[in-house]
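Throughout, a chain's letter reflects where its sequence line sits, starting with A, and its residues are numbered from 1.
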There are 2 protein chains.
Amino acid sequence: MRPTDISRIRRFHRTVTRESGVLDQSFLGRGRPLGAARVLNAIGRGISEVGAIRDYLGLDSGQMSRLLRGLEDEGLLVTRPDPADARRRVAELTARGQTEFDAYETLSNTRAQRLLCNHPNATALLDAMDLIASALGQHAITFEEVDPRDDTAVWCLENYYGELAQRLRTGFEVHLSKDPEATTMIRPQGTFYVALSDGLPIGCCGLKGHGDWGEVKRLWVAPSARGLKLATRFMERIEATARDLGHTVLRLDTNSQLPEAVALYHRLGWTEIDRFNDDPYPDVFFEKHL
Amino acid sequence: MRPTDISRIRRFHRTVTRESGVLDQSFLGRGRPLGAARVLNAIGRGISEVGAIRDYLGLDSGQMSRLLRGLEDEGLLVTRPDPADARRRVAELTARGQTEFDAYETLSNTRAQRLLCNHPNATALLDAMDLIASALGQHAITFEEVDPRDDTAVWCLENYYGELAQRLRTGFEVHLSKDPEATTMIRPQGTFYVALSDGLPIGCCGLKGHGDWGEVKRLWVAPSARGLKLATRFMERIEATARDLGHTVLRLDTNSQLPEAVALYHRLGWTEIDRFNDDPYPDVFFEKHL
DNA sequence: TAATTTTCCTGACATTGGTCAGATAATTTC
DNA sequence: GAAATTATCTGACCAATGTCAGGAAAATTA
């Protein structure tokens with residue numbers, strides 16, 4: 001049979017289903033049904049409100065309760081009412097629960113490590129995984145407002161700078177550019193957003209406050225997440241936040257060697273204006289009235 | 001959090017697990033438990049011996065029997081003893097069973113189609129899927145001896161020719177090359193193998209009979225499956241078959257612009273010899289005594 | 001030919017998972 | 001402050017799955 005596009009997707013799906021079935025089976029080795037193991041993992045990953053866990057795992061409320069009682073009886077977690085709203089309950093791992101969670105983590109990590117070691121081209125494999133995870137998880141992308149000095153933000157910015165260095169004929173060195181003071185991208189002056197797909201950062205965008213006007217900075221989307229209209233969603237957020245902060249004018253600079261960026265700003269209703277700074281890298285300037 | 005290699009793999013795994021859970025759920029829409037649906041699919045995909053289905057799905061023999069009887073009661077399949085060994089039973093879909101199977105197929109295909117349509121770069125997505133499926137399914141690669149005029153074989157050969165055309169400075173046109181008569185790559189003169197990963201062809205290799213000696217032709221491995229030692233496994237098979245067919249000498253030609261091929265033959269104990277044909281493309285020649 | 005092995009089937013049973021109808025307590029709305 | 005709403009828990013129940021011991025029939029082996 002000649003492989004068609006559809007058959008390639010379905011083969012991928014079969015392979016991956018089989019593989020993740022095996023991984024799930026391996027969890028059973030710790031003498032706990034899958035449901036309980038999944039709850040433990042959710043809590044260990046930082047989801048503590050009972051309702052949030054239920055949503056995350058798609059469980060019925062009855063079943064959720066039963067699983068929690070089971071884990072509580074095992075001494076792996078404690079639940080108590082949420083101080084903010086005593087109808088809710090929050091779950092927390094005990095020391096024993098943390099140990100147990102770590103054991104599951106180790107299991108998963110070892111498997112992942114083995115896959116990585118057995119493959120001749122780890123970079124290509126990881127890139128392929130990012131691409132697919134972004135495509136499949138495009139409904140589960142979340143935006144978070146963070147401090148631009150935050151680890152996640154810094155990681156995005158490093159990738160952004162790295163890409164500019166590759167794509168600009170002149171190269172790119174941060175210290176030659178007008179690097180905005182991080183504090184000008186924090187409320188109340190400005191803001192900084194990162195996009196996360198299941199926890200993995202896949203893009204960022206900043207808003208720098210200049211007093212009476214705002215400047216859009218550092219818009220970047222990871223290669224694996226391009227084409228998902230992420231840049232447009234960033235810009236919508238930035239504009240909304242700018243309005244909140246009382247700005248009526250937004251400006252930004254970019255470079256004609258990044259044609260997709262220039263096209264984006266045109267498409268979103270920005271108008272080209274004259275140079276408004278002396279940064280050596282940009283050569284196209286935009287403005288938008290809110 | 002900065003993404004590490006491991007965290008990228010695990011994010012991929014989570015995303016894909018969630019997604020395939022959703023797909024499984026969609027099967028439930030046809031009013032049949034997942035186990036029964038999976039058995040129906042296995043039979044529809046051509047696995048007919050009861051034991052083989054059990055292995056494929058990893059089921060207990062008791063459970064297998066019960067699922068088969070359930071489907072039989074529904075009138076979707078019939079089982080009868082295998083004529084070759086009446087202890088075994090083989091299952092076959094009835095017309096109604098086939099219709100039901102087709103309905104599941106349509107469900108899966110529609111989902112795959114939708115994923116494809118929603119993605120801006122289908123080629124990259126499919127390549128990424130092939131790469132990952134080959135990496136995860138590397139234990140499930142099977143080799144099949146086929147007629148070189150077979151659809152699967154022809155598809156591999158087209159890819160092989162396409163790659164030569166790209167990689168050789170001179171380009172590559174099949175009709176200028178000494179294209180072996182297909183019939184010389186069929187037993188008893190020779191043979192032709194394809195490698196399948198879950199049904200998808202990912203490589204091929206032929207053995208052409210010249211009477212008293214054999215020639216290895218058309219060794220190709222799909223880009224997504226490279227690094228998995230597939231070429232070595234092909235060569236082992238070809239050598240074993242050549243011995244079976246009574247050859248004591250094997251020859252092959254290749255091109256110095258394909259350094260990984262030249263390195264492979266050296267590594268496998270072949271010795272360079274003088275040109276033994278007047279094909280315009282090759283410039284390196286090898287021989288091996290069995 | 002008798003004993004052993006293989007393959008599948010049957011019945012019994014426990015566990016897990018999924019669903020639903022109240023019960024309880026805290027919070028919000030009127 | 002009463003009524004409605006929200007979040008969780010409990011108990012009852014059923015379907016699906018997983019597991020095991022043993023049985024019947026066919027094939028293989030001694």
Side-chain angles (χ1 to χ4, degrees), chain A residues 17-18 20-22 24-43 47-74 76-92, chain B residues 17-18 20-22 24-43 47-74 76-92:
Chain A
T17 303
R18 178 158 23 86
S20 58
V22 173
D24 285 349
Q25 289 298 322
S26 83
F27 278 176
L28 264 35
R30 300 199 63 77
R32 202 167 284 113
L34 216 54
R38 297 211 309 152
V39 170
L40 196 65
N41 273 283
I43 299 172
I47 308 177
S48 54
E49 292 90 359
V50 171
I53 303 171
R54 231 175 38 211
D55 285 352
Y56 179 70
L57 300 177
L59 291 172
D60 168 83
S61 83
Q63 202 172 342
M64 177 82 251
S65 265
R66 224 166 306 124
L67 290 170
L68 280 177
R69 289 301 82 71
L71 291 166
E72 220 166 6
D73 291 350
E74 273 196 88
L76 301 178
L77 56 82
V78 288
T79 64
R80 53 187 161 68
D82 184 337
D85 179 343
R87 287 172 304 182
R88 285 183 229 274
R89 310 210 94 208
V90 290
E92 204 183 356
Chain B
T17 302
R18 175 157 26 86
S20 58
V22 173
D24 285 349
Q25 289 297 323
S26 84
F27 278 176
L28 263 34
R30 299 200 63 76
R32 203 167 282 112
L34 215 56
R38 298 211 308 153
V39 170
L40 197 66
N41 273 284
I43 299 172
I47 308 176
S48 55
E49 294 89 0
V50 171
I53 304 172
R54 230 174 38 212
D55 284 351
Y56 179 70
L57 299 177
L59 292 172
D60 167 83
S61 85
Q63 203 173 341
M64 176 84 250
S65 269
R66 225 168 303 126
L67 290 170
L68 278 178
R69 197 166 14 275
L71 291 167
E72 219 165 7
D73 290 350
E74 272 195 88
L76 301 179
L77 56 81
V78 288
T79 63
R80 52 188 161 66
D82 184 337
D85 180 343
R87 287 172 304 183
R88 286 182 228 274
R89 310 210 95 209
V90 289
E92 202 182 357

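Atom CG of A:Leu59 is separated from atom P of C:dT16 by 15 Å (rounded to the nearest Å). Rounded to an integer number of Å, the gap from CZ of A:Arg88 to P of D:dT5 is 18 Å. Taking atom CZ of A:Arg87 as the reference point, atom P of D:dA7 lies 6 Å away to the nearest angstrom. Straight-line distance from the CG atom of B:Leu57 to the P atom of D:dA16: 17 Å, rounded to whole Å. For the pair A:Asp24 CG and C:dG17 P, the computed distance is 11 Å after rounding to whole Å. C:dT16 atom P lies 16 Å from atom CE of A:Met64, rounded to whole Å. In this structure, the CG atom of B:Asp60 is 17 Å from the P atom of C:dA12, given to the nearest Å. Separating the CZ atom of A:Arg80 from the P atom of C:dA26 is a distance of 16 Å, rounded to the nearest angstrom.
Exactly one residue among A:Val39, A:Asp55, A:Ile53 makes a side-chain contact (heavy atoms from CB on, under 4.5 Å) with A:Ile47. That residue is A:Ile53.
Comparing A:Ala86 and A:Pro33 by the nucleotide of DNA chain C whose heavy atom lies nearest to each, the residue mapping closer to the 5' end is A:Pro33.
The side chain of B:Gln63 places an N or O atom within less than 4.0 Å of a non-bridging phosphate oxygen (OP1 or OP2) of D:dG18.
Counting any heavy atom pair closer than 4.0 Å across all strands shown, A:Arg69 reaches sugar-phosphate atoms only and no base atom. Nucleic acid contact for B:Gly62: base, since at least one base atom lies under 4.0 Å from a heavy atom of the residue. At a threshold of 4.0 angstrom between heavy atoms, the contacts of B:Asp85 are confined to the sugar-phosphate backbone, with no base atom among them.
A:Arg32 is listed as a side-chain neighbour of A:Leu71, based on a closest heavy-atom distance under 4.5 Å. Side-chain contact between A:Thr79 and A:Arg69 is present, with at least one heavy-atom pair separated by less than 4.5 Å. Within the 4.5 Å cutoff, no side-chain heavy atoms of B:Leu57 are placed close to those of B:Asn41. Between A:Val90 and A:Arg80 there is a side-chain heavy-atom pair separated by less than 4.5 Å.
Relative to the side chain of A:Leu34, the nucleotides D:dT17, D:dC9, C:dG17 differ in distance, and C:dG17 lies closest. For A:Arg54, whose side chain is taken as the heavy atoms from C-beta onward, the closest listed nucleotide among D:dT28, D:dT8, C:dT19 is D:dT8.
Below the 3.5 angstrom threshold, one finds a donor paired with an acceptor across the side chain of B:Arg66 and the base of D:dT19. Side-chain atoms of A:Arg89 and base atoms of C:dT24 include no donor and acceptor less than 3.5 Å apart.
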